[in-house]
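Have a look at the structure below, then the notes.
Please read these numbers as outputs of a predicted model, since none were measured by experiment. Start at 1 and go down the list; that is how both ligands and their atoms are numbered.
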Amino acid sequence: MTNQNNAIRFYSGHNIPVELHKVRIVQKLYLKPIDERKAAMEEAGFNTFLLNTKEVFLDMLTDSGTNAMSDNQVASMLQADDAYAGSQSFYRMEAALRDVFGKHYVLPVHQGRAAENIISQVFIKKGDVIPMNYHFTTTKEHMELNGGKVLEIYADDALQIKSDKPFKGNIDIEKLKAVFTEYGKDRVAFVRMEASTNLIGGQPFSMQNMRDVKKICDENGTMMVLDASLIGENAWFIKQREEEFKNAEIKDILLEMCSYSDLIYFSSRKVSSTRGGGIVTNSKDLYLKMRDLLVLFEGFLTYGGMSVREIEAMAVGINETCDETVISQSPSFIAYAVNQLDDVGIPVITPPGALGCHIDAKGFLSHVPQQEYPAGALASALFIISGIRGMERGSISSVRDENGNDILADVELLRLAFPRRVFTLSQTMFVVDRVKWLYDNRNLVGGLEWVEEPALLRFFMGRLKAKTDWPEKLVAKFKQDFGDSL
Ligand code: F0G
């Protein structure tokens, strides 16, 4: 532990975030010429999800399944025990999850949304409400498919782009009380807290907020469900930003967070840098309610849709989530990028959070109406001028209402994800440099319109096109400034 703490002091005492790991296996990357990048973007329907990675230089789409694995994780995969039932790999993972989360019953699933499916089917009935700090896309769809309604009860200023509030992911306690008064406890399926709240810019909640939420849940006899996909980073922010925890061990912070949760689910693609996911609880009753659906949808209880090699890597990965040098790497690089952009007036979410650097597309492209999807346009433009693939987190990621009108998103964000221990500082500097160039030339970027719009989760598979010839103009300006350079 002493070594780790030294490392952290080094991080916070200097402006250069330093990699506390060395690179031993690498993958070659290609930066294609701008005309090829533009053609690839058109081919992908101005949707970065539909790009082939052979066209991508820096893949900042997500940290999901893209964190770097450690040598110990890769090594563990060699001892995987192939067995349909009773695999030793499962018992090793179960022991690791019990240790880190402090929960006895473990249900493995193939990824986070599979956990959402099971939890929603078992615990939500038609007409229920589910109060939470903020929704995640797949979470909301599963809850609504089962007749539930999501209620987002964040603080009034949580969506403010520029802020110095350390815990924008907190649930507003007065609003939570009001939910119970308005709907009555029988209609509240459970309260959900999402660690490092993804869609509002990777913003954490505080331990005190968890305690306050848990108290209200207990008073009403309601379950508290924790989405722990980004729990490591949230614990890191608690240590950094909540006085009481400044000398605490991450492992103890994690255990205390989990102690307030009746049910915890997670995407292992994030929290333990492998594939898969899981649900854990200390309640045998809750466990038994979910067990049958697990076998039906995911596979037998000792693999749940995961390969035994992934299960081994998850056992090691979840332990590494207690290591400060592992969980602080992505937030440190994000903070570097956010501060560099903020310093020159580019609108980014502050304070820097987990998962990625979130650029405010409404502020960046203030001339593009929200109906023309500024976050999608910004994601496309950045790819064309840099080969950097980010993710639209705005109105394209939203849905239409019953009359077919777009429900415009609260915030229009371009997320540039920093998977753990993947990008170097010079790559991060390249990102900052290209975003700055785009900001200087932002007036050239225009809006998007639909070509093919799927009814469900349209942002994954939908295709759009530029409303005008703005991509041509952007490419022309790029060539004027950089000539033949990539
Ligand atoms: N919960 C949160 C908070 C997430 O961020 C995700 C996935 C899920 C649940 C679903 O997990 O992908 O394993 O099924 N987030 C990814 C992202 C997709 O890019 O942010 P999954």
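Those atoms of ligand 1 that come under 4.0 Å of a heavy atom in Glu116, given as number and element, are 1 (N), 9 (C). In the vicinity of Ser229, heavy-atom distances shorter than 4.0 Å reach the ligand 1 atoms 1 (N), 2 (C), 9 (C). Under a 4.0 Å criterion applied to the non-hydrogen atoms of Thr62, ligand 1 contributes the atoms 17 (C), 19 (O). Each of the atoms 11 (O), 13 (O), 14 (O), 21 (P) of ligand 1 lies under 4.0 Å from some heavy atom of Gly112. Of all atoms in ligand 1, numbered sequentially from 1 with element shown, those under 4.0 Å from a heavy atom of Met391 are 19 (O).
Given atom 6 (C) of ligand 1, the protein heavy atom at minimum distance is Phe136 CE2, 3.3 Å. Here the heavy atom of the protein found nearest to atom 17 (C) of ligand 1 is Lys270 NZ, 3.2 Å. Annotation: atom 1 (N) of ligand 1 to nearest protein heavy atom, Asp227 OD2, 2.6 Å.
Between Gly277 and ligand 1 there is no heavy-atom distance shorter than 4.0 Å. For the ligand labelled ligand 1, residue Thr139 lies outside the 4.0 Å heavy-atom shell.
When only modelled atom types and interatomic distance are considered, Gln329 and Glu19 share no side-chain donor-acceptor pair under 3.5 Å.
For Lys289 and Tyr287, the positive end is not near the middle of the six-membered ring at less than 6.0 Å and at most 45° from its axis.
A centroid separation of 6.0 Å or more is found between the aromatic rings of Phe423 and Phe333.
Ligand 1 has an N or O atom lying under 3.5 Å from an N or O atom of Ser267, backbone or side chain. For ligand 1, the polar-atom distance check finds an N/O of Arg415 within less than 3.5 Å of one of the ligand's N/O atoms. Considering backbone and side-chain atoms alike, Tyr265 places every N or O at 3.5 Å or more from each N or O of ligand 1. Between Glu194 and ligand 1, not a single N/O pair is under 3.5 Å apart.
Contacts with ligand 1 closer than 4.0 Å are made by side-chain heavy atoms of Arg269 only, the backbone lying farther away.
Taking a cutoff of 4.0 Å between a charged side-chain nitrogen and a carboxylate oxygen, Glu324 and Lys239 qualify as a salt bridge.
With Arg389 as the partner, the side-chain contact (heavy atoms from CB on, under 4.5 Å) test is satisfied by one option alone out of Thr48, Leu382, Thr62: Thr48.
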(request) Apply the test ring pair (Phe, Tyr, Trp, His ring centres under 6.0 Å) to residues Phe237 and Phe167: give CA-CA distance (whole Å), side-chain angles for both, the deciding distance (0.1 Å), then the verdict. (result) CA-CA 9 Å; Phe237 286 121; Phe167 294 112; 8.3 Å; no
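Between Phe459 and Phe49, the angle of the ring planes lies from 30° to 60°, which puts this pair in the tilted group. Relative orientation of the Tyr373 and Trp450 rings is perpendicular, given thresholds of 30° and 60° on the angle between their planes. Relative orientation of the Phe57 and Phe430 rings is perpendicular, given thresholds of 30° and 60° on the angle between their planes.
In the candidate list Arg393, His142, Arg113, Arg113 is nearest to atom 12 (O) of ligand 1, counting heavy atoms.
For the pair Met193/Asn209, a side-chain contact is recorded, criterion being any heavy-atom separation below 4.5 Å from C-beta on.
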